[in-house]
Amino acid sequence: MVELLSERVSRIAPSATFAVKAKANALKAKGVDVLSFGLGEPDFDTPQHIKDAAKKALDEGFTKYTAAAGIPELREGIASKMKEQNSVECSAANIIVSNGAKHSLHNIFQAMLNPGDEVIILSPYWVSYLEQIKLSEGKPIIVDCDEQFQPIPDKIREAITDNTKMIVVNSPNNPTGAVFPKASLKAVADIALENDVYILSDECYENFVYGGAEHHSVASLSPEIAEKTITVNAFSKTFAMTGWRVGYAVAPEPLVKAMSSLQGQTTSNVNSIAQKAVIAALEGSLDDVKNMAKAFDERRKFAVDAFNSIDGVKCNKPEGAFYLFPYVDGLYTEKVKGSSAFCDFLLEEAHVALVPGVAFGLDSCVRFSCASSLESIEKGLKQIKEATKAL
Ligand code: PMP
Ligand code: GLU
């Protein structure tokens with residue numbers, strides 16, 4: 001019988017983050033009061049000046065196709081932001097606007113990978129890298145970080161082969177919240193330079209760093225490194241705009257051109273109104289972003305202590321993003337074995353939704369998103385502590 005599905009798509013697992021949201025919603029639909037710490041998206045509203053710019057664009061009839069790579073004004077605005085805020089030299093020709101960072105990443109893999117090309121991913125890793133690389137017929141090569149979730153340069157060096165095309169770096173990190181210090185980023189970048197491979201730097205959480213930690217763009221480390229680096233970012237987290245779907249890549253011009261052709265033949269431009277809205281985000285103040293970061297910081301401090309007060313749990317204090325990635329394997333039992341079973345147990349018994357660490361490459365952990373009010377985090381942690389007494 002003729003196969004309905006292609007081999008390519010059959011290789012892809014559903015997004016674990018969205019799967020948790022679906023499970024929690026199904027339970028909510030039955031009337032259960034579920035506290036969601038699963039999907040990572042700020043609980044804050046998109047700032048008013050950004051919404052106003054969208055309304056204006058709509059009223060002015062800015063509702064037609066735009067250039068596939070994004071409107072020139074926006075690409076220029078992003079290039080200026082990269083220069084001023086990230087110390088990355090670039091021009092509008094190096095920028096392509098896509099439907100969220102997820103789309104940027106997919107298009108990069110599509111445009112850069114030949115079958116069998118190896119891509120080094122540092123574990124724990126964000127769920128979609130692995131599947132997107134497979135979708136582009138590349139081969140993900142997973143290299144573990146240390147217990148504090150920091151990269152181990154020697155291990156990365158050992159993983160390089162003649163087929164290595166790029167190394168993916170994500171700091172501040174999803175799922176661990178780790179921020180890689182400048183020296184570590186430099187060490188990874190030097191390995192890339194020595195071996196003539198590219199670096200893909202996903203900097204979606206750049207504005208969320210705490211307690212003296214600093215974010216450094218990999219492409220800012222040296223002009224040589226800049227030439228070998230593709231930076232991905234989005235408005236999704238920084239401006240609480242996950243649903244608007246605007247992300248971007250900063251890349252060598254030939255790659256931007258290839259990705260524009262890809263977009264021109266597949267999705268075309270990002271929603272015209274959303275593009276106008278993010279111009280306002282770039283031009284406006286970062287006060288709302290700073291307030292969000294302050295709230296995440298407060299929640300993170302509380303949640304780390306609360307997790308560490310549970311017997312059998314060990315939680316690193318993250319310096320960035322808005323996730324915690326506690327080790328919970330001390331609580332695994334014959335019946336609740338592994339992070340998936342543990343998350344199912346928590347959903348059923350504590351009515352809280354977390355994402356299993358196995359989806360991010362580390363089954364000893366679970367991911368907890370601090371993108372909920374402090375009140376619900378307090379309540380959720382209490383329920384987790386209570387329910388896990390039975391294990
Ligand atoms: N990279 C990382 C590390 C993420 O956590 C996410 C999820 N927001 C994305 C990329 C995708 O972001 P977007 O919603 O802009 O597609
Ligand atoms: N990046 C967020 C997360 O990891 C949103 C979901 C997704 O894009 O997969 O939860």
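Whatever order the structure lists them in is the order used to number ligands and atoms, beginning at 1. Positions are given from 1 along the sequence.
- Residue-level proximity to ligand 1 for Cys204 is carried by the side chain, the only part with a heavy atom below 4.0 angstrom.
- For atom 11 (C) of ligand 1, the nearest non-hydrogen atom from the set Tyr129, Trp244, Tyr125, Trp126 comes from Trp126.
- Salt bridge absent: Asp311 and Lys389 never bring a charged side-chain N and a carboxylate O closer than 4.0 Å.
- When heavy-atom distances to ligand 2 are checked against a 4.0 Å cut-off, Tyr323 comes that close only through its side chain, counted from C-beta outward.
- Of the possible polar contacts, none joining the Ser260 side chain to the Ala69 backbone as a donor-acceptor pair under 3.5 Å is found.
- Using a 4.0 Å cut-off between heavy atoms, Tyr205 contacts ligand 1 through its side chain alone, with no backbone atom that close.
- Among Arg300, Met292, Lys237, the single residue meeting the side chain to side chain contact (heavy atoms under 4.5 Å, CB included) criterion with Phe322 is Lys237.
- Of all the listed residues (His103, His106, Arg245), Arg245 holds the heavy atom that lies closest to atom 16 (O) of ligand 1.
- Near Phe18, meaning under 4.0 Å from any of its heavy atoms, are these atoms of ligand 2: 6 (C), 7 (C), 8 (O), 9 (O).
- Partner of Tyr129 under the side chain to side chain contact (heavy atoms under 4.5 Å, CB included) criterion, chosen from Val119, Leu200, Asp202: Asp202.
- For ligand 1, none of its N or O atoms has an N or O atom of Thr242 under 3.5 Å away.
- In this structure, a donor-acceptor pair under 3.5 Å is absent between the side chains of Thr231 and Glu203.
- Protein heavy atom closest to atom 5 (C) of ligand 2, with residue, atom name and distance, is Gly40 O, 3.6 Å.
- Residue-ligand proximity: Lys102 is placed with a non-hydrogen atom under 4.0 Å from ligand 2.
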Worksheet item: Do Glu224 and Ser222 pass the side-chain hydrogen bond (donor to acceptor under 3.5 Å, both in side chains) test, and can you show the C-alpha distance, the side-chain angles, and the key distance before you say yes or no?
Response: CA-CA 5 Å; Glu224 295 75 34; Ser222 80; 3.2 Å; yes
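- Checked by distance only, ligand 1 and Asn170 stay at 3.5 Å or farther apart across all their nitrogen or oxygen atoms.
- The residues Lys301 and Asp297 are annotated as salt-bridged, a charged nitrogen and a carboxylate oxygen being separated by less than 4.0 angstrom.
- Close approach to Ser236 involves these atoms of ligand 1, each under 4.0 Å from a residue heavy atom: 13 (P), 14 (O), 15 (O).
- From the protein, the heavy atom lying nearest to atom 6 (C) of ligand 2 is Leu39 CD1, 3.3 Å.
- Side chain of Asn173 to backbone of Asn170: a donor-acceptor contact under 3.5 angstrom is found.
- Regarding atom 1 (N) of ligand 2, its nearest protein heavy-atom neighbour is Lys237 NZ, 3.2 Å.
- Residue Lys237 holds the heavy atom nearest to atom 7 (C) of ligand 1 of all those in Lys237, Glu41, Lys102.
- With respect to Lys276 and Glu60, no salt bridge is recorded, no charged nitrogen being found less than 4.0 Å from a carboxylate O.
- Counting atoms of ligand 1 from 1 in the listed order, those under 4.0 Å from a heavy atom of Asp202 are 1 (N), 2 (C), 3 (C), 10 (C).
- Scanning the protein for heavy atoms near atom 9 (O) of ligand 2, the closest one is Thr17 OG1, 2.7 Å.
- Listed by number with element, the atoms of ligand 1 under 4.0 Å from a non-hydrogen atom of Ala234 are 15 (O).
- Side-chain rings of Tyr210 and Tyr205 stay apart, their centers remaining 6.0 Å or farther from each other.
- Atoms of ligand 1 found under 4.0 Å from any heavy atom of Asn174 (numbered from 1 in listed order, with element): 3 (C), 4 (C), 5 (O).
- When only interatomic distances are considered, the shortest N/O to N/O separation between Ala101 and ligand 1 falls below 3.5 Å.
- Of the charged side-chain nitrogens involved, at least one lies within less than 4.0 Å of a carboxylate oxygen, so that Glu131 and Lys134 count as a salt-bridged pair.
- Only side-chain heavy atoms of Asn174 come within less than 4.0 Å of ligand 2; its backbone N, CA, C and O stay farther off.
- Aromatic ring centres of Phe208 and Tyr323 lie farther apart than the 6.0 Å criterion allows.
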